[in-house]
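Everything below concerns the one structure shown next.
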Amino acid sequence: MATTSLPVPRRLFPARLVKNRLLTGIIRHTLLVCLLVVILYPLLWMVAASFRPNNEIFNGLGLFSGSFTLENYANGWAAGQQGFSRYFLNSTLVTVLSIVGNLISCSLTAYAFARLEFPFKRTLFAILLGTMLLPYHVTLVPQYVLFNELGWINTYLPLIVPRFLGTEAFFIFLMVQFIRTLPRELDESARLDGAGHFGIFARIIMPLALPAIGTTAMFTFIASWNDFLGPLLYLNRADLHTVPIALNTFLDSTGENAFGELFAMSTLSLAPIVGFFIVSQRLLIEGIATTGMK
Amino acid sequence: MTQQLAPGIIADAPGSQWSKGTRSRSKRREALVALLFLTPWLIGLVLLTLGPMLYSLYLSFTDYDLLSAPTWVGLDNFVEMTTDPRFLASVGVTLIYVAVSVPLLLVVSMLVALLLNSKMKFLTGYRALFYLPSLIGASVAIAALWRQVFGDEGLLNAFLAFLGIEHGSWVGNPDTALGTIVVLTVWAFGSTMIIFLAGLRQVPGELYEAASVDGAGPLRRFFSITVPMLTPLIFFNALMGTINAFQAFTGAYVISGGTGGPVNSTLFYTLYLYQRGFAQLDMGYASAMAWLLVLVLAAFTALFFWSSRYWVFYGDK
């Protein structure tokens with residue numbers, strides 16, 4: 001199991017034990033690889049199917065059928081009322097603005113909770129934690145009523161403005177926790193050099209909090225790129241639709257013969273997330289290697 | 001998203017760094033600066049969270065269709081729930097889903113974390129690949145894929161046919177449709193697993209060595225050391241898993257085409273709330289449902305925290 005190996009010379013172990021260790025290693029890797037195949041096979045199957053002609057998609061279990069085509073991508077890209085270039089553009093716009101909004105509002109709030117003293121701080125922090133556990137449904141109807149009154153239906157404002165107002169308490173909490181670990185001496189020396197709170201925030205804390213900022217950006221990206229309920233509620237016009245809504249509409253209107261296109265567009269919609277994950281995964285590993293922290 | 005939350009959440013706000021002799025003027029100045037930093041969040045808190053909560057509490061006692069002013073109906077919405085067959089179906093579906101998917105999620109996450117917890121080769125690679133599904137599990141693309149994998153001619157049936165077993169659509173069958181969504185949830189176990197994995201690395205190795213010397217076998221070591229040491233994380237993952245499960249929406253919506261069918265078998269609470277509130281514009285009823293969910297979740301959370309006294313082990317950290 002998880003016994004940390006002591007610096008005992010190998011030969012002190014009986015030969016049988018060493019052999020056993022090798023065996024459990026092999027079993028372990030075999031199990032993990034089998035499990036990964038089961039878990040990832042549907043994804044691989046979808047990607048492979050997106051490159052097959054439509055009449056060969058449900059052709060059993062295999063990944064490759066011999067025929068290869070990009071037709072699904074070409075047809076899928078042009079499908080829907082507006083075409084997927086429009087949907088991807090819309091999704092990108094909403095996602096980028098959501099990330100910007102979350103980063104600004106969450107980092108400002110987090111700095112106040114982590115570094116400043118003010119009245120009712122404990123109460124407000126408790127409220128912050130409370131909103132983290134609150135089911136979003138309880139604000140769903142009244143927010144809709146509010147945005148409807150403001151004339152914001154069929155605009156991106158209901159999806160973006162809340163992010164600029166720090167409604168995602170989790171990220172604030174994450175940044176508070178991170179900023180607390182930064183040494184206060186840095187603030188103090190900057191203060192002695194004449195920096196005010198905004199200077200300390202912008203020049204000392206933010207650059208040092210880059211890992212927390214990166215995590216927030218990454219998770220905001222995923223959440224808003226995948227967001228389905230928000231656009232479903234607020235965007236009724238096809239030219240405003242984001243990728244998830246377009247995919248769902250596509251799915252509902254698809255007969256038996258356009259699954260290739262659906263899979264092609266699904267694959268494309270997942271590509272940015274997987275891509276960002278691969279990039280940030282590398283950054284993460286480098287971060288662990290350079291700072292030695294886990 | 002809250003899945004990522006590390007344990008130890010209920011920490012206090014950090015204490016004052018100001019010595020007692022600090023002048024009150026600079027204190028007041030600092031409070032003013034804090035107000036500036038907090039302004040966006042405070043506006044959001046009042047206008048988008050607390051205000052709407054109060055408003056939906058009011059709406060839950062009214063009949064409201066967005067077009068005409070709300071009319072007060074007292075407890076009618078709550079009374080209607082007790083005889084509304086679709087509401088009762090949605091409660092049943094959601095409770096079954098929570099009761100099945102959360103324990104499964106915990107067990108699978110724990111088992112994989114145990115398999116990964118050693119100084120093994122390719123650890124980062126494994127970790128990344130197991131984590132990937134939890135990043136995309138809530139997307140429409142994956143839900144759409146699920147509809148095909150578990151459909152009549154889907155991947156699963158192709159596999160079963162290969163083994164010589166005939167089976168109809170899993171998504172279209174009321175007995176198995178909910179199961180496909182449970183599988184989807186468990187498929188995205190990566191983020192839960194990562195938390196267990198991080199916890200496993202902090203269990204002191206000496207404990208295992210001492211137990212081995214005392215003659216404890218692997219199973220005994222697991223139940224007497226690993227499980228107790230991980231109870232804070234089990235607690236945390238169970239709580240977050242339950243809260244998330246109560247709020248599941250996208251999978252059920254996409255897989256059932258927004259209907260919650262077949263025969264209400266995937267009519268999640270949130271899906272029914274959406275249908276009543278936004279398809280039928282019964283916003284009073286939807287608000288009542290939302291508040292009931294808040295109360296139930298609050299009760300669950302309280303129960304969790306209360307029970308944690310009896311089974312969560314906070315070592316000597």
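All values below come from the heavy atoms of this structure, side chains included, with hydrogens, waters and symmetry mates left out. Being a predicted model, the structure only gives us computed values, none of them experimental. Chain letters run A, B, ... following the sequence lines, proteins first and then strands; every chain starts at 1.
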Between [options], which has the largest tally of heavy atom pairs under 4.5 Å with chain B?
options                           : result
T109(A), N148(A), L128(A)         : T109(A)
L140(A), L247(A), L270(A), L36(A) : L36(A)
I273(A), L229(A), L40(A), T167(A) : L229(A)
L32(A), L31(A), L134(A)           : L32(A)
P135(A), A112(A), S266(A)         : P135(A)
T131(A), L124(A), V161(A)         : L124(A)

For the rings on W41(B) and F113(A), is their centre-to-centre separation under 6.0 Å?
yes
Let me confirm one number: the CE-CG distance from M46(A) to L155(B), rounded to the nearest 0.5 Å.
12.0 Å
Drop me the distance from K121(B)'s NZ to R28(A)'s CZ, to the nearest 0.5 angstrom.
14.5 Å
Tell me, for [X] versus chain A, whether the close heavy atoms (under 4.5 Å) come from the side chain, the backbone, both or neither.
X       : answer
L48(B)  : both
Y269(B) : neither
I142(B) : side chain
L115(B) : both
L36(B)  : side chain

Criterion side-chain contact (heavy atoms from CB on, under 4.5 Å) on Y126(B) and H29(A), from CA distance to verdict:
CA-CA 10 Å; Y126(B) 279 129; H29(A) 281 284; 2.9 Å; yes
Dump the intermediate steps for side-chain contact (heavy atoms from CB on, under 4.5 Å) on L251(A) and Q148(B), then the final yes or no.
CA-CA 10 Å; L251(A) 181 68; Q148(B) 310 320 317; 3.6 Å; yes
Specify whether F277(A) and Y131(B) have parallel, tilted or perpendicular ring planes, treating 30° as the upper limit for parallel and 60° as the lower limit for perpendicular.
tilted
Students often mix this up, so state it plainly: with edges at 30° and 60°, are the rings of F37(B) and F201(A) parallel, tilted or perpendicular?
perpendicular
A side-chain contact here means heavy atoms from C-beta on lying under 4.5 Å apart; do [X] and [Y] qualify?
X       : Y       : value
E149(A) : L66(B)  : no
L146(A) : P52(B)  : no
P40(B)  : L108(A) : yes

Sort F147(A) into side chain, backbone, both or neither according to what part of it lies under 4.5 angstrom from a heavy atom of chain B.
side chain
Check the pair M289(B), H137(A) against side-chain contact (heavy atoms from CB on, under 4.5 Å), reporting the backbone distance first and the verdict last.
CA-CA 9 Å; M289(B) 281 185 70; H137(A) 308 87; over 6 Å; no
Please enumerate all residues that pass ring pair (Phe, Tyr, Trp, His ring centres under 6.0 Å) together with Y253(B), with sequence neighbours excluded.
F228(A), F249(B), Y274(B)
